[in-house]
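As structure tokens, the structure follows; a few thoughts come after it.
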Amino acid sequence: MMQGERELGQFLLLVFDLLGIFVFALSGGVLAVRKQLDLFGVLVLACVTAVTGGIVRDVLIGAIPPAALADWRYLATAMLAGLVTFRWCGLIERLRNPVQLFDAAGLALFAVLGTGKALAFGLTPFAATLLGIITGIGGGIARDLLVVRTPVVLQQTELYAMAALIGSGVVALAAAFGLPQFPAMVVGALLCFGLRFMSIRRGWRLPVAGTRE
Amino acid sequence: MMQGERELGQFLLLVFDLLGIFVFALSGGVLAVRKQLDLFGVLVLACVTAVTGGIVRDVLIGAIPPAALADWRYLATAMLAGLVTFRWCGLIERLRNPVQLFDAAGLALFAVLGTGKALAFGLTPFAATLLGIITGIGGGIARDLLVVRTPVVLQQTELYAMAALIGSGVVALAAAFGLPQFPAMVVGALLCFGLRFMSIRRGWRLPVAGTRE
Amino acid sequence: MMQGERELGQFLLLVFDLLGIFVFALSGGVLAVRKQLDLFGVLVLACVTAVTGGIVRDVLIGAIPPAALADWRYLATAMLAGLVTFRWCGLIERLRNPVQLFDAAGLALFAVLGTGKALAFGLTPFAATLLGIITGIGGGIARDLLVVRTPVVLQQTELYAMAALIGSGVVALAAAFGLPQFPAMVVGALLCFGLRFMSIRRGWRLPVAGTRE
């Protein structure tokens, strides 16, 4: 029964990981279509956006070879998302700011999952929080650098790294206090997504930023 | 005698690896001269273009420290190529599109050699194919990012990552079916170079790209 | 007593490492303020500038997880520098070219410390020199790429990578000849900083660069 629970937990982690891959790849694919790249450019940008954060995390915690290279399902999922974007780009474009929305969902999923994997590899809650942030923002940074624009993470007036920090921090704090991990991941992901979403839609910002003239 | 054959094989691999370093470094050097960088900038760009792909591959397969840092001959070769470009840039410029040509040769050599090294480190044919592509395109991406231009790999109408995929895939498939590696590498490299060459000279593209409006 | 000396040595190394983190983070923070990023952007750019070189070095020598993630003092120092820049940016701006000055100090400290750590991990003097250069220039490259400008290391008429090479080379040569490491680090850092400083203030360049028309 515990065996069954563990298998269920690992299955759920895989499902959410692939979901994060999918939505991040969509954000990369939409940007590539906007920049008028051809099919292969769309696929490459979708894959880079989806797996870079996780690969950097795996390298930093010593999980070699990285999951995104060892397991074909990750890149297959990213490519599927790239194909979807390429085929139905008109439909996706009609949604308001879809790049930012998918990006926010990917950020939330990757931040909490990255923190969880770092904890599983024995890192401290502090380091695991950082690795969650890196997992979350790495793909978006690589995506933006490849099309030569300033990464979203540095753009003014948006809570981006802060959202990832809160999502990762909830998971790391739960681990530090011995609380169950899965509910902490759900709470962390919802907080991260909600914060990012409100930042985009309602213009939420860091209060401190207002202190500059 | 088998000892002699193994030594010959390793010697040939080293020769082709250094050849890949040399032509990739030329492509970086030519771009640096065009951007009017000084001698050190030319050397840095030549080295970065030549070794980044291999270093990323070595990090991802756990070959630490990476060959390009542990063995002085790699960077010495890249610097030699940088000096050659700096001295005879006028001559090299007169050739038609030399950056792209050297880049295509480097892509082909690195894709097959990167796949071979990943297989030698026990990775699956799927992961080895990806690592071959990364070895092939990593240096060019770093080169383009350093001079702040969109990487060639994402530019429209060119078969770039696709060429690397085919070169790497041939080597990985040969390994999966237990076929000898060296002929597979030769075939893979020729296919990759030929595809990239025809894409540049004849405007070959992905047929699917034409399905967009 | 030898125990006491070793502890003193490690304490001094940590102090200088954190000093390098601080000045590099200042250079990142000043650039972020200039680019009108908000508080979080300033903190992110300060941290990225301060720790990227060291993280890349640690990955390449197999020191996993990297010191900057495992030890909270590194990022705390970088964030403190980011806050200082954000609060007193007017004061810092009035200094002449403060980004370049802090950058030069960080370059010198990181080049010699990176070389020292690589030697301590058993790498050859050749590889250790390269890793010192990477430690020194990595953060600045990441900083410049994030704000989408050509990295300082490639800008014309400046001795940048050359300064790092000389600083690292002194430490590596001292190790190769069995000379004591700490004085070599001091000499190497002073040479590196002095060369970079004179390059900025007096326009020192590579003599070979003058041979181009």
Side-chain angles (χ1 to χ4, degrees), chain A residues 55-64 66 114-115 118-119 121-135 137-138 140-142 144-166 172 195 199 205-213, chain C residues 28-29 31-52 54-79 82-83 85-90 93 141-151:
Chain A
I55 288 179
V56 171
R57 174 203 60 210
D58 287 352
V59 165
L60 294 179
I61 64 177
I64 298 294
T115 308
L119 289 168
F121 269 72
L123 278 84
T124 64
F126 171 75
T129 304
L130 293 172
L131 285 159
I133 297 173
I134 290 169
T135 312
I137 70 178
I141 290 176
D144 294 343
L145 289 181
L146 283 180
V147 297
V148 191
R149 73 172 193 186
T150 302
V152 172
V153 76
L154 285 179
Q155 278 170 17
Q156 221 170 350
T157 76
E158 288 183 358
L159 301 177
Y160 197 91
M162 176 60 106
L165 166 61
I166 286 173
L195 199 58
S199 163
R205 328 184 164 189
L206 285 177
V208 280
T211 60
R212 279 175 61 217
E213 72 273 42
Chain C
L31 182 64
V33 169
R34 269 194 201 160
K35 295 275 175 182
Q36 302 197 291
L37 302 179
D38 72 349
L39 174 59
F40 224 81
V42 172
L43 292 181
V44 168
L45 209 58
C47 289
V48 166
T49 311
V51 303
T52 304
I55 287 179
V56 171
R57 173 203 60 209
D58 287 351
V59 165
L60 294 177
I61 64 177
I64 297 294
L69 297 181
D71 186 339
W72 61 272
R73 289 173 293 190
Y74 288 90
L75 277 172
T77 305
M79 285 185 179
L83 285 174
T85 332
F86 191 72
R87 213 63 183 268
W88 292 284
C89 54
E93 272 297 328
I141 290 176
R143 175 197 64 206
D144 294 343
L145 289 181
L146 282 180
V147 297
V148 191
R149 73 171 193 185
T150 303

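Chain A is the first sequence line, chain B the second, and so forth, proteins listed ahead of strands; every chain is numbered from 1.
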Part of [X] within contact of chain C (heavy atom distance under 4.5 Å):
| X | result |
| --- | --- |
| A:Ile137 | neither |
| A:Ile61 | backbone |
| A:Ile141 | side chain |

- Backbone N or O of A:Pro125 within a donor-acceptor pair of the A:Thr129 side chain at under 3.5 Å? yes

- Query: So, the side chain of C:Asp58 versus the backbone of C:Ala67: is there a donor-acceptor pair under 3.5 Å, distance only?
  - Reply: yes

- Message: Contact between C:Arg149 and C:Leu31 at the side-chain level, heavy atoms closer than 4.5 Å - yes or no?
- Response: yes

- Item | Beyond-backbone contact of C:Pro65 with A:Leu60, side-chain heavy atoms, under 4.5 angstrom | no

- Is it the backbone or the side chain of C:Leu75 that comes under 4.5 Å from a heavy atom of chain A, or both, or neither?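 Just its side chain gets close to chain A.
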
- Message: For C:Asp71, which atoms come within 4.5 Å of any heavy atom of chain A: side chain, backbone, both, or neither?
- Response: backbone

- CZ-OG1 distance between C:Arg57 and C:Thr52, expressed to the nearest 0.5 angstrom: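 Interatomic distance, C:Arg57 CZ to C:Thr52 OG1, rounded to 0.5 Å: 12.0 Å.
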
